[in-house]
Asker: 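I have a structure here, written as structure tokens, and I will follow up with some questions on it.
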Amino acid sequence: MELIDGNQIAAALIAELKAEVAQISGRKPCIALVRVGEDPASVSYVKKKEKTAAEIGITSRVILPPVTITPAELFALLDQLNSDPTVDGILVQSPLPKGFDEVAVFRRVLATKDVDGFNTLNLGKIAQEDPSGFVSCTPAGIMELLARSGVDLKGKHVVVVGRSLIVGKPVALLALQKKAGANGTVTICHSQTRDLPGIVRQADVLIAAIGRAEMITADMVKPGVVVIDVGINRLPDPSKKSGFRLVGDVHFPTVSLLASKITPVPGGVGPMTVAMLMKNTVKAFRLQAAH
Ligand code: NDP
């Protein structure tokens, strides 16, 4: 079994971006990070994004509106950022507090600054295989992990478990694309799928984006499978200072014995998500500079 080391691959990507940004004279790429509320996971994700941006030389502008902000006020803030020529990318940290229509918020971000790739136009561009759009960071990170680990999806049976707009659907479309590294034969499963184990067992490449701790067990995979575990789940663990440990959607101790390659949790997909956000920000800067 070979471990697909997301930390190492993300570090390589970050070093490449750092070298690229160093070549930019004058104003550096800038990302606005908007976080509403104090969701602990969101606080740590935004911190990580800010830190990675600084490491690369990308300017970040962290905006923390009060939790009492109304949807209309948030729209006004996004409109302001949309028209600010010194802001290249905008990220609104999900989840937003109750009362916000997240999809409407994602739509409000200008497509050319939508570095998170959740805008309708950018999601559509994945389906159209139009490379001018922004691919959402987790699916893009998964494809980058596979490519940099030497996994070519051509002709392989790729089983995606999960059909969210954030991970499952876009990654399935990317795996299906008619381009080098992709060309997979894709099956998408979800909570209503009949005989999930039977389908997962057929996978040459399994992408698990479910959000259920260690749900995929060794009896559900075939030997030699490549496993990308997107899930981030907290299991109570009194031996840890935090009181919990992070696990994926795949039961790593047993599935890793059968897999040819597998991502760990943490240290697999997670670091790639942040690295791809930075890659998208540099792309947005180039787009803005070209106009
Ligand atoms: P969602 O909850 O939006 O989607 C989960 C999907 O899994 C749904 O399509 C759901 O089906 C399906 N599902 C749930 N239970 C089952 C089941 N028992 N059998 C089969 N399918 C099931 O989650 P996300 O896509 O946003 O995230 C998935 C996981 O990935 C989470 O753990 C999340 O924390 C993690 N994540 C990690 C990221 C990273 O950077 N590493 C980034 C984003 C997410 P249905 O549609 O029918 O409800």
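Below, each value reflects all heavy atoms present in this structure, side chains not excepted, and no hydrogens, waters or symmetry copies. The structure displayed is predicted, hence computed values, not measured ones. Just follow the structure's listing: the first ligand is 1, and inside any ligand the first atom is 1.
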Asker: Within a distance under 4.0 Å of any heavy atom of G211, pick out the atoms of ligand 1 and give their elements.
Answerer: 28 (C), 29 (C), 31 (C), 32 (O)
Asker: Check whether any side-chain heavy atom of K49 lies under 4.5 Å from a side-chain heavy atom of S60, and answer yes or no.
Answerer: no
Asker: Please list, in number order, the atoms of ligand 1 under 4.0 Å from a heavy atom of T273.
Answerer: 39 (C), 40 (O)
Asker: Does I232 approach ligand 1 within less than 4.0 angstrom via side chain, backbone, both or neither, non-hydrogen atoms only?
Answerer: both
Asker: Quick check: closest heavy atoms across F106 and V92, and the distance to 0.1 Å?
Answerer: CE2-O, 4.0 Å
Asker: Under 4.0 Å, counting heavy atoms only: does C189 come that close to any atom of ligand 1?
Answerer: no
Asker: Applying a heavy-atom cut-off of 4.0 Å, say which part of N233 lies close to ligand 1: side chain, backbone, both or neither.
Answerer: side chain
Asker: Can S94 and E102 be counted as having a side-chain donor-acceptor contact under 3.5 angstrom?
Answerer: yes
Asker: Take every heavy atom of T138, measure it against each atom of ligand 1, and state whether any distance is under 4.0 Å.
Answerer: yes
Asker: Would you give me the side-chain donor-acceptor pairs under 3.5 Å for residues 8-19, sequence neighbours excluded?
Answerer:
residue	atom	partner	partner atom	Å
E16	OE1	R148	NH2	3.0
E16	OE2	R148	NH1	2.9

Asker: Indicate whether the side chain of S42 and that of R35 have a donor and an acceptor atom separated by less than 3.5 Å.
Answerer: no
Asker: Nearest protein heavy atom to atom 37 (C) of ligand 1, by residue and atom, and its distance?
Answerer: V230 O, 3.1 Å
Asker: Kindly identify the option in V160, I210, V200 whose heavy atom sits closest to atom 2 (O) of ligand 1.
Answerer: I210
Asker: Below the 3.5 angstrom mark, is there an N/O of Q192, backbone or side chain, next to an N/O of ligand 1?
Answerer: no
Asker: Quick test of your reading of the structure: of P266, S164, G268, A209, whose heavy atom lies closest to atom 3 (O) of ligand 1?
Answerer: S164
Asker: With the threshold set at under 4.0 angstrom, would you say M272 reaches ligand 1 through any of its heavy atoms?
Answerer: no
Asker: Could you give me the CA-CA distance, side-chain angles and deciding distance for V115 and I90, then say whether side-chain contact (heavy atoms from CB on, under 4.5 Å) is met?
Answerer: CA-CA 6 Å; V115 286; I90 302 168; 5.7 Å; no
Asker: Can you give each donor-acceptor pair under 3.5 Å made by side-chain atoms of residues 171-187, sequence neighbours left out, with the distance rounded to 0.1 Å?
Answerer:
residue	atom	partner	partner atom	Å
Q177	NE2	I126	O	3.0
N183	ND2	K179	O	3.3
T187	OG1	H157	NE2	2.7

